[in-house]
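Please read these numbers as outputs of a predicted model, since none were measured by experiment. The figures here come from the full heavy-atom set of this structure, side chains too, leaving out hydrogens, waters and symmetry mates.
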Amino acid sequence: MADFVLSVVAKGLMGKVMSLASEHIGSAWGFKEELGKLEDSLTKIQAVLHDAEKRQVSDESVKIWLLQLKDVAYKADNVLDKFGYEILRRKVESQKRKKVRSFFSTSNRIVFPFKMVNKIKSINQSLDRIKDDVALLGLIESLNPIPKISLDRETDSFIGDSEVVGRGDDVLKIVNLLISANNQRVISVIPIVGMAGLGKTTIAKQVYNHELVKKHFDVQMWVCVSDNFDVKRILREILEILDNNCCGLENKNAILHHLQENLQGKRYLLILDDVWNEDGEKWDNLRSSLLGINQNNGNNIIVTTRSDNVAQIMETSPSHKLEKLLEDECWLIFKEKAFANERIPVTPDLEDIGRKIAKRCGGNPLAARVLGGMMRFKEDKSEWLLIQNSKTWDSMGDNNGIFPILKLSFDHLPTPSLKQCFAYCSIFPKDFVIEKKLLVQHWMAEGFLQTSKRSFSMIEDIGNKYFDLLLANSLFQDPEKDFCGDITRCKMHDLVHDLVLSISKVETLHLEGNLGDDIDASHIRRLSLKSNDHTTYAIPLSKDGMGRLRTVFLNRVNLGDKLLEFKCVRGLSLSGSCIKELPKSIGKLRHLRLLHIKDTNIKLIPNSVSMLYNLQTLVIKDCHFLKVLPKNLQNLINLRHIDIDHCYINQLPINMGQLTCLQTLPLFIVGQDVGYRIEELGCLSQLRGKVYIYNLEHVRDKEEGKTANLVEKPKVHKLGLHWSSWRKREGNNNDEDVLEGLQPHSNLKSLKIEYFNGEKFPSWLLGSDNIRGGLLLFNHLLEFCLSYCKKCEKIPTLGHLPSLKVLRIGGMDNVRCIGTEFYNGYNGEGSSNSRGASGSTVLFPALETFVLSSMHNLVEWTEPTAEIGMIFPRLEYLKVLDCEKLIGAPCHFPSLKELSFYKIRGPAFEKIISELTTLTSLKISEISELACLPEHFLQKNRNLMDLRIGECADLESILPHERVWPICTSLRSLSINGCDKLSTLPDALHNLHCLEKFEVNCCRNVRSFPSISSFLQNLLISCSDEVLPVLQSCMSLQNLIICNCPHLISIPDLRNLHSLTYLEIYSCPNLISIPDLKELPSLTQLEIRDCSNLILIPDLKEYPSLTQLKISGCSNLISIPDIRELHSLTHLGIRQCQKLRGVPDGLDCLTHLKCLWIGDICKELNSFPSLNSILRPHAPLQRLHLYGWNSLNSLPEAIKYFTALQILEISKFGEMNSLPDWLGNLSSLQTLYIYNCKNMMYLPTTQAMRRLIKLEKLEIWKCPKLEKRCAEGSGAEWSKIAHILYFSSNVWGDHFHRIYNN
């Protein structure tokens, strides 16, 4: 490794020496001779590096020599970097003082410490000693034999999918197992087992994305497990896939609650990729958690693993073992990679050699891909023979696997810089998703990316080419593309990760969890430190060791001011809510080039950051409390990337235009004062990617708009032009004039215009080239959004945009007609890009998604005449929302799959669907003048899988004829809600064998139900009859909800529903009794609420599998049966049952109880019922919600012993005026809610509150006295809670519904 590392460092040093020489610093400060000597030494040492690299394997003295040389090289780099910093500092200071004279003159020499010059002399002396050792060690000058390739050569890393060669049968076999009718366990586990590199993950991906699998499962989730089988982490990652709003949850109980909410009643597929855990207890823990979340039959887990032991622990189905590929299959993979895009012709000689190389892969597809990627850049036969005859093949034994092949591929990377960039990736953990842009910025911060003086490339362009080369060589894999088709993320195969760790082990250190004692890390340059708690750690490195680090990743680790000990750090990444502030003196990290702050709770970035003159990249993501950036940010003249979130930052610093190197600035907020105006953008000629401009009402006119110079920014691909929604709309405005001046470059791929208040769009949006008509500039446009342009009467001509994929138009109140000008406003001629095979014009040739919303005055959406041409040939997704006046609409949508309507009239709806034949999903809501769906709708759309009808007040029947229903062989889900005129349901529904979900709710005139299909799995019934249909034939039913039945007296016999796991009954006010539930062996969740006449609950002794029981709003309920036999119960809720005089017997037997909602029962009681019965040392309560009544003045005393409690709610304790000090005993408490305590005034003492060290959230609502005393800064109680991270009062929303249902 030392060869390429030293080559990169030496090259960087040479560049810095020449830069200092060009600034005449050596002459000005008197060490020109020393700089020359340094350059000479570096040149001579570079010449012997390749020989030293070869000999270090067998010669320990050479290895030590290389390590010593590397240490000196890094020291030299730090010293020269300080000179560079001083240059930048003086430039900034000079600009501030507006001095013209050279700051390198001898009169300024005294300012810079002479000790820096002495350090260069010291480095030269060290290099002299190292040079003297060259002869002693017998090192000779030699060249690296690996041929170099030109980085200017185009590379296309996103080549064909060779990964699935030879695996089609494996994929189909697993798909058939998943969708088989015999697959009826709650959780079935299918392991895919095989040696490294055989394609286990690839097969899992193919299964995951298979159309039959997508149709079969409601939810699909993928988690990379790797070495760390941490159950909470796995559950959290599953949740984050399902709900982006739940990111970062640490409380396992809260995670499980949210998971249950997201997975309730759904059938899921979970992929657990790369599992190594052989601890059966950990798997049992995860499995029991998943069973508690969802008890539906048919859930599946696919596990990929190398270990037969792992498979045996987890499997419920026989393992699927992967075999090696055939030689011909390996050749096909190799060939596709090596001869990609026909760059190299497949000559007979190269094919013969290639087949022999492919044979060496031993049936391993990863080896074939890597070797093929390596050969892709070797054009000469001699180079192919060199690989064929390599000694690498001699070392490929069973112990090594394909590792030598991966090392060979690394050795043949064309430049030392590329090798160093790859080696850097060892800083990431296994299965880490690598963001391309951020990785290139890290490479840049370390100095790996250098351009020659003759090159016009940006440094980032070099990094992007490096990334593409590594991807083309299959050292990176699984590329992900953004909307524009650009690769944004990738991963490394775990074997490749092992390779990169072995290459970088001397310089890279990973630490996690318990850090232990000091370790020998004298040559460590990169550190990744991760913790699972919020402790401030001492890093097990000496102060000198910390001072040598060049890259540091800290994940959930708060080092405070110890960050300043990373005095030579180039890249610093900080994440985790434990980080609440940065050191005020962070500006002392003068070498810093990249600062990445993510998911922290910092409120302020110290202004000393403005002294980091070397800083190139500043990334701030998901820091919700941060509102402003440092005021002197304009001093950072080297800054190239500022990546921040607009939803938090509401104003940028002054004079952003001085940052002329900026390429990334995702938002610009226009101000009215000098230094904040839009003209600041005009100076930023290097901007690329996304730029959203806000507060455009502060731009005076067209000429000021032109100062942004958007038309000269060819690399800005995503542009947002936003006026403020809250500004006054009366009188004249200058929006039209301003927008005219904001013309973007024709390379634009995405354009959004929001809250524009002009009456017509600018000429650049409406102009014609006399060939296509309309939008003359934007052939590359993929996405176009017009939002709330309320005064515009017409939509621009868009039909001939050849690349447009997504179109969103909404809130344009003055548009009454979408006419022919929308398709083609001029002569009807089409460009060559938008013509069909017959030569006819094709309009919207690439459009896939069209959303038309809040067009409140739109009456007519016309269809183009046949002369104009074919429209929407590729449109698959159409949404029409809030277009209440729309009557006329087009009907030609030949490829439409998903269609959604909300608040439109029946004639427009019927017109749009009249010719559809390809629909798979139809969702309609609040469609007026619709008596039933068109007669032939289902006959034409035989692939329809999902039909949802809601709030259609005029709907009398779903279809005019019953005979149509039997042809709906694909229908899986049917939902009808809030259709008051609907009185009957089709009897033929029981013949729909694919129907799995049927919901009828709030249709108050539905008097009777048809027979229910025996294949149904999810059923929601709501009707006005006194009885419900017989359900005993529903043997597959898993989820049953009976609700909003005002006349229902009794529920039919539920015996034989052996698959039923979830039963919910609510809003049935006349329901008197519930049938015996004893023969429901699978039942895990029972919820009964708002059944005011219900007197008794059936005996619960026969339900050992019941995990959740919630009873509320049953005002006549006298008692609840003994619950002591419910040993699996984890969640219990009993509230708003005013005739109950106490808690049920048997609470002390609920050994797994974690969450309890209780209270608001008999208000004649003078005190809250005792909770002593649930005191126990094992499996303690984690969540408690107490609902009192007006006469209560104290909490149950037993709570003081609930030390494991994480969430506590106190509500409606009307006479209580203070919280007891013993509340401070609840050392695990994280969240405290106080609601509707009208006389509450005092929190526990300051000392007691400070003992709640984990308390992060306090919410006070409808407690007027306490709220006043907790007012920020002025309240008498404020000092007790000022340290709490999240504090809020007067919170709006239906809290009780939210909390109770969570």
Side-chain angles (χ1 to χ4, degrees), residues 292 1063-1065 1071-1081 1083-1189 1192 1194-1202 1204-1205 1208-1209 1211-1213 1300:
L1063 175 60
E1064 182 178 357
I1065 304 166
L1071 184 66
I1072 298 173
S1073 64
I1074 294 174
D1076 193 344
L1077 305 177
K1078 288 183 178 179
E1079 295 187 28
L1080 302 179
L1083 191 67
T1084 60
Q1085 298 179 53
L1086 173 62
E1087 182 168 349
I1088 305 167
R1089 54 188 169 92
D1090 299 326
C1091 298
S1092 54
N1093 277 331
L1094 188 66
I1095 300 173
L1096 296 173
I1097 302 290
D1099 192 354
L1100 299 173
K1101 290 182 180 179
E1102 303 295 326
Y1103 303 103
S1105 61
L1106 200 66
T1107 61
Q1108 296 197 27
L1109 173 63
K1110 296 181 181 179
I1111 303 169
S1112 66
C1114 299
S1115 53
N1116 281 300
L1117 190 65
I1118 299 172
S1119 65
I1120 294 176
D1122 193 320
I1123 59 174
R1124 70 180 67 247
E1125 301 295 328
L1126 304 183
H1127 300 303
S1128 300
L1129 205 66
T1130 59
H1131 297 68
L1132 175 63
I1134 303 170
R1135 60 181 296 252
Q1136 293 180 335
C1137 300
Q1138 285 79 11
K1139 290 191 177 180
L1140 282 181
R1141 299 193 64 84
V1143 297
D1145 293 334
L1147 274 178
D1148 55 321
C1149 298
L1150 305 182
T1151 55
H1152 291 89
L1153 191 65
K1154 295 178 180 178
C1155 308
L1156 177 63
W1157 296 259
I1158 193 162
D1160 198 5
I1161 55 176
C1162 183
K1163 297 183 180 179
E1164 297 175 4
L1165 298 175
N1166 294 323
S1167 62
F1168 200 90
S1170 172
L1171 299 178
N1172 289 330
S1173 58
I1174 56 175
L1175 286 174
R1176 56 182 180 276
H1178 301 295
L1181 203 64
Q1182 296 176 5
R1183 183 168 182 168
L1184 176 62
H1185 299 263
L1186 298 175
Y1187 305 95
W1189 45 92
L1192 294 184
S1194 64
L1195 298 175
E1197 192 80 6
I1199 298 177
K1200 70 168 71 174
Y1201 302 110
F1202 294 171
L1205 210 59
L1208 173 63
E1209 177 184 357
S1211 179
K1212 290 187 179 179
F1213 283 72
Y1300 186 69

| So, do D1145 and I1123 sit near enough that their side-chain heavy atoms are less than 4.5 Å apart? | no

| message | If I compare all heavy atoms of G1113 with all of C1137, which pair ends up nearest, and what's the gap? | response | N-SG, 4.4 Å

| query | With distance as the sole test, does H1127 use its side chain to make a donor-acceptor pair with the main-chain N or O of T1151 at under 3.5 Å? | reply | no

| What distance separates I1074 CD1 from L1063 CG, expressed to the nearest 0.5 Å? | 7.5 Å

| Expected output: side-chain N1116 to main-chain S1092 donor-acceptor under 3.5 Å | yes

| When you check the gap from the basic side-chain N to the acidic O, do K1110 and E1064 get nearer than 4.0 Å? | no

| task | Hey, could you give me the OG/CD1 distance between S1073 and I1095, rounded to the nearest 0.5 Å? | result | 9.0 Å

| Where is the tightest heavy-atom contact between P1075 and P1098, given as atom of each residue plus distance? | O-CG, 3.8 Å

| If every non-hydrogen atom of L1205 is compared with every non-hydrogen atom of R1183, which pair is closest and at what distance? | CD1-N, 3.7 Å

| Side chain to side chain, I1065 and C1091, heavy atoms closer than 4.5 Å | yes

| task | Hey, could you give me the CD1/CD distance between I1161 and Q1136, rounded to the nearest 0.5 Å? | result | 12.0 Å

| task | Drop me the distance from D1099's CG to E1125's CD, to the nearest 0.5 angstrom. | result | 9.5 Å

| request: Please answer whether the main-chain N or O of P1081 pairs with a side-chain N or O of S1105 as donor and acceptor at a distance below 3.5 Å. | output: yes

| request: Decide yes or no for R1135 and Y1187: does some side-chain heavy atom of the first lie under 4.5 Å from some side-chain heavy atom of the second? | output: yes

| said: When you measure from the side chain of T1107 to the backbone of T1084, do you find a donor-acceptor pair of N or O atoms at a distance under 3.5 Å? | reply: yes

| field | Heavy-atom side-chain proximity of L1096 to I1118 below 4.5 angstrom | value | no

| Intermediate values then yes/no, side chain to side chain contact (heavy atoms under 4.5 Å, CB included), I1120 and L1140 | CA-CA 8 Å; I1120 294 176; L1140 282 181; 3.8 Å; yes

| task | Test C1114 against every option in I1088, L1071, D1090 by the side chain to side chain contact (heavy atoms under 4.5 Å, CB included) rule and name the one that passes. | result | I1088

| query | Less than 4.5 Å apart, any side-chain heavy atom of L1077 and any of L1086? | reply | yes

| Got a sec, which residues hit side chain to side chain donor-acceptor pair (under 3.5 Å) with E1197, two or more places apart in sequence or on another chain? | K1200

| said: With heavy-atom distances below 4.5 Å as the criterion, would you say the side chains of L1171 and L1181 are in contact? | reply: no

| remark: Here the gap from F1213 atom CZ to W1189 atom CH2, rounded to the nearest 0.5 Å, amounts to 7.5 Å

| task | Taking atom OH of Y1201 as the centre, report whether more than 12 heavy atoms of other residues, nucleotides or ligands fall under 6.0 Å from it. | result | no

| Taking the side chain as C-beta and beyond, is there a heavy-atom pair between W1157 and L1186 under 4.5 Å? | no

| said: Determine whether Q1138 and D1160 satisfy the following criterion, side chain to side chain contact (heavy atoms under 4.5 Å, CB included), listing intermediate values before the conclusion. | reply: CA-CA 7 Å; Q1138 285 79 11; D1160 198 5; 4.2 Å; yes

| task | Indicate yes or no: at least one non-hydrogen side-chain atom of P1144 is less than 4.5 angstrom from one of I1134. | result | yes

| query | Can you tell me if T1130 uses its side chain to pair, donor with acceptor, with the backbone of L1153 under 3.5 Å? | reply | no

| query | Between CG of D1122 and SG of C1149, what distance do you get to the nearest 0.5 Å? | reply | 7.5 Å

